[in-house]
2 protein chains.
Amino acid sequence: MSIDTLDRESLGSLLSTQRAAYEDLRSRGLALDITRGKPSPAQLDLSRELLSLPGDGDYRSADGTDTRNYGGLEGLVELREIFSELLGVPVAQLLAQGNSSLTLMHDTLVWALLHGFPESSRPWAAEETVRFLCPVPGYDRHFTLLESFGIEMIPVDMREDGPDLDQVAGLVATDPTIKGMWLVPTYANPTGGVTSPEVAARLMAMPAAAPDFRLFWDNAYAVHHLSDEESAASDVLSVAAAGGHPDRVLIFASTSKITYAGAGVAFFGSSPANVAWFKSHLKFASIGPDKVNQLRHVRLFRDADGVRALMRRHRDLLAPKFDVVDEVLRDRLGPHDVATWTRPTGGYFVSLDVVDGTAARVVELAKGVGVSLTPAGASFPYGKDPRDRNIRIAPSFPSVDDVRAAMEVLATCVLLAAAEKALA
Amino acid sequence: MSIDTLDRESLGSLLSTQRAAYEDLRSRGLALDITRGKPSPAQLDLSRELLSLPGDGDYRSADGTDTRNYGGLEGLVELREIFSELLGVPVAQLLAQGNSSLTLMHDTLVWALLHGFPESSRPWAAEETVRFLCPVPGYDRHFTLLESFGIEMIPVDMREDGPDLDQVAGLVATDPTIKGMWLVPTYANPTGGVTSPEVAARLMAMPAAAPDFRLFWDNAYAVHHLSDEESAASDVLSVAAAGGHPDRVLIFASTSKITYAGAGVAFFGSSPANVAWFKSHLKFASIGPDKVNQLRHVRLFRDADGVRALMRRHRDLLAPKFDVVDEVLRDRLGPHDVATWTRPTGGYFVSLDVVDGTAARVVELAKGVGVSLTPAGASFPYGKDPRDRNIRIAPSFPSVDDVRAAMEVLATCVLLAAAEKALA
């Protein structure tokens, strides 16, 4: 029965039932963590060959380059070919780099701040104000990175098919201090939303007051499907060119959730002009990426189908955990109408909206019985969720049983906080 | 006989002899390259185990961390322990990072420009002018990195025992725009000079007009000995503290010339305050370095003695090449008094000073017969050698025979250019 329809007596009864359940949980001494989107050990085991690759005597890339020595700013072409197919970026416009796409985003921002893009009238650091649009809820590291550079953040709503276009288009068209925007186009963190081709087309065609406006297209989950409904990476560079803004989009991706988290390979892709710009600054900072690690990945994957096959094995391990999240939330919260949540078809997260004003309380309650949740507000700029309602659930790392146990706790805490609030 | 004592007839005879020798070289169709400090394939083979390390099932660091997953900004403690001993930096103040110390230098400069150091009154990018002292001849990538950020460079002379202190101390004490200085303290690129303990002590004690003055201590060749005269890394952090400037020095190093060039591990070391500063910015740019590659290196090295043993095998391969460089220069140029050159006890380079005003001509002549030399002037800020006399020789990559052939060409070109000049 919806909590809104309960009288005070029924609410009191709900409250005492959940309090009793909560006290019972406290006595169990749980220690569960569903805070970060980390692959599980079983997922990491899928790439166990990587620990002994490329193998004795194997160090030459396809063109004969000795990967053990200096050189080659772009990364190994055979690895770029594999991800060209998977990310929808021409090989010549795709760079294979180091172990972290976050680092590539950082470096891009740094060079924009210190040098500006070709169309910039001055380096971004020389501007009075630089603002970014931030679809919310979103990825906390995107927001803290901007905050570290004093870039102001304007939240816009994230929907199932991408960011709210009315908000975005209006702001970008009129405010020349808006220089950029984050977007996780495929299986967004944390909503799981997939930016539709229509929304992508409008994002690429909309007028921008800032001539150097850039869309930071963090395709972190491009091939991370959880169902047969596999969202293909759209050919966003062609869409951008067709929209009249060929240099608008900067594409980031990595193998952190394909092979090893933080020991894989990251990618930067964009228009020829942006790639030339990126390399023109990168060449001072690096003699080239770790090509031996790139060769390891080539040997492991073989080709794009090798990546796809590996991702299906990830799905086999991950999908049951997402099923449990949905099952427990549906069973425990569904009848009370106290929450909504996403049922992603890919990615690493479930986004849970609880009763307004109770997310921080839920996180606090869960902590009290040994379940760590991402801090309330983390998915918003400056850590501030204006409605204090969003909680990010990351079920990938714990076992299925632990995910179930953590979700039971979470459900109890959501109900308890909702009842507390209704009676307050 | 010294070229200075020759009459015009003897000079003419020298010129025609060298011209004939040069024409003979041209007919040989050589293709030799002594431009870059790259390890040879035989050196890279010394670390062949690395291609199959850490090995199947081996992914836990000493403290039980799964290196295949996210986390740990500082790098593996067991690798930091090994290089703590070799670099003379306490473990807690030494970070193990990615594949490139150049990238760490870039990032340090970037954060100084965008944030400043703790004692900075504003970010360096907000200053009218930022200047660096650059010991010359020096490392071209140090200079191009500064130039890319518009940082002005002031050359100071590099001597056998370190930078010229009279020049350095006078400038640093009086010019508050001088925010930094490069130094390769051990087996400098390209002179092979070793900064003595006395010079290091004075560098750390001298007054600086800029409160945030920093010495970029690029210890790229800390363990890269070529003789029994092994220069130990001085405990420069203690020297800095004793000199009253504990936060003055930033230490960089890597395994690029220990294991694989561009596929190794880089290090940043400094005072507790500087390390905290570095991490306070790094944490936005990275979730952590590639720990699996760090584990590979731990397994290969085992301990500091393992690194020392490996470096002795490098020396066995490198020393004969340096001997050939000295032998040919002595035999061919010695009698004519047309050049001076260094006889380094470590590192990767020989610095050759030819007759003033002829270095560019020598490089041009060598190119004409198929021998690539580092461009004249490359070892100076803005690529400008004021006396046009310095040439950097990098004998590590070619075989001993190729080094000999290239040096014979170089000697001929040096003599030819000297004779041309004397007769001009």
Side-chain angles (χ1 to χ4, degrees), chain A residues 36-39 41 44-45 47-59 66-72 98-100 102-103 105-107 110 113-115 123 125-126 141 144-145 147-150 256 259-264 280-281 283-293 397, chain B residues 36-39 41 44-45 47-59 66-72 98-100 102-103 105-107 110-111 113-115 123 125-126 141 144-145 147-150 256 259-264 281 283-293 397:
Chain A
R36 302 287 339 166
K38 293 168 69 168
L44 298 168
D45 286 342
S47 300
R48 66 180 299 167
E49 286 175 71
L50 213 50
L51 293 172
S52 39
L53 285 173
D56 192 37
D58 184 5
Y59 52 79
D66 186 338
T67 59
R68 305 169 303 174
N69 221 326
Y70 286 122
N99 75 317
S100 165
L102 183 65
T103 299
M105 299 173 210
H106 169 269
D107 292 349
V110 157
L113 286 162
L114 291 174
H115 305 293
R141 287 187 187 270
T144 53
L145 179 57
E147 196 177 354
S148 81
F149 293 127
S256 271
T259 56
Y260 294 157
S280 78
H281 300 302
K283 72 179 179 190
F284 297 111
S286 169
I287 307 180
D290 182 342
K291 297 188 296 296
V292 177
N293 203 37
F397 188 81
Chain B
R36 302 286 339 168
K38 292 168 68 169
L44 298 167
D45 285 343
S47 299
R48 66 181 296 169
E49 286 175 72
L50 214 49
L51 293 171
S52 40
L53 284 173
D56 191 37
D58 184 6
Y59 52 78
D66 186 337
T67 59
R68 304 169 303 174
N69 221 326
Y70 285 123
N99 75 319
S100 165
L102 184 64
T103 300
M105 298 174 211
H106 168 269
D107 292 349
V110 157
W111 297 329
L113 286 163
L114 291 173
H115 304 294
R141 286 188 187 270
T144 52
L145 179 57
E147 196 177 354
S148 81
F149 292 127
S256 271
T259 56
Y260 295 157
H281 301 301
K283 72 179 178 189
F284 297 110
S286 169
I287 307 180
D290 181 341
K291 296 187 297 297
V292 177
N293 203 37
F397 187 81

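- Side-chain contact between R68(B) and D45(A) is present, with heavy atoms from C-beta onward closer than 4.5 Å.
- The shortest heavy-atom contact between G37(B) and Y70(A) is O-CE1, 3.7 Å.
- Side-chain atoms of T103(A) come within 3.5 Å of backbone atoms of A285(B) as a donor-acceptor pair (strictly under, hydrogens ignored).
- For chain A, the nearby parts of D56(B) are the backbone and the side chain; heavy atoms of each come within less than 4.5 Å.
- Of all non-hydrogen atoms in K283(B) and R141(A), the two that sit nearest each other are O-NH1, 3.7 Å.
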### Task
Go through the steps to decide whether I287(A) and L102(B) satisfy the test side chain to side chain contact (heavy atoms under 4.5 Å, CB included), and finish with yes or no.
CA-CA 8 Å; I287(A) 307 180; L102(B) 184 64; 4.0 Å; yes
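- Of all non-hydrogen atoms in S52(A) and G55(B), the two that sit nearest each other are CB-CA, 4.2 Å.
- Ring geometry for F149(A) versus H115(B): interplanar angle under 30°, hence parallel rather than tilted (30 to 60°).
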### F397(A) vs N69(B), side chain to side chain contact (heavy atoms under 4.5 Å, CB included): CA-CA, chis, key distance, verdict
CA-CA 10 Å; F397(A) 188 81; N69(B) 221 326; 3.6 Å; yes
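- Interatomic distance, L113(B) CG to L113(A) CG, rounded to the nearest 0.5 Å: 11.0 Å.
- Only the backbone of L53(A) comes within less than 4.5 Å of a heavy atom of chain B; no side-chain atom from C-beta onward does.
- Looking at P123(A), neither its backbone nor its side chain comes within 4.5 Å of chain B, counting heavy atoms on both sides.
- Once rounded to the nearest 0.5 Å, the distance linking CG of L114(A) with CG of L114(B) reads 4.0 Å.
- Looking only at heavy-atom pairs under 4.5 Å with chain B, the residue among R36(A), H106(A), K291(A) that has the most is H106(A).
- The contact between D290(A) and chain B is made by backbone and side chain atoms together, counting heavy-atom distances below 4.5 Å.
- Note: F284(A) CZ to L145(B) CG = 8.5 Å, rounded to the nearest 0.5 Å.
- Your options are G288(B), G71(B), P54(B), G57(B), and the one with the most heavy-atom pairs under 4.5 Å with chain A is P54(B).
- Note on G98(A), A125(A), G264(A), S256(A): by heavy-atom pairs under 4.5 Å with chain B, the leading option is S256(A).
- Proximity to chain B (any heavy atom under 4.5 Å) is restricted, for S100(A), to the side chain, taken from C-beta onward.
- Only the backbone of D58(A) comes within contact range of chain B, with at least one heavy atom under 4.5 Å from a heavy atom of that chain.
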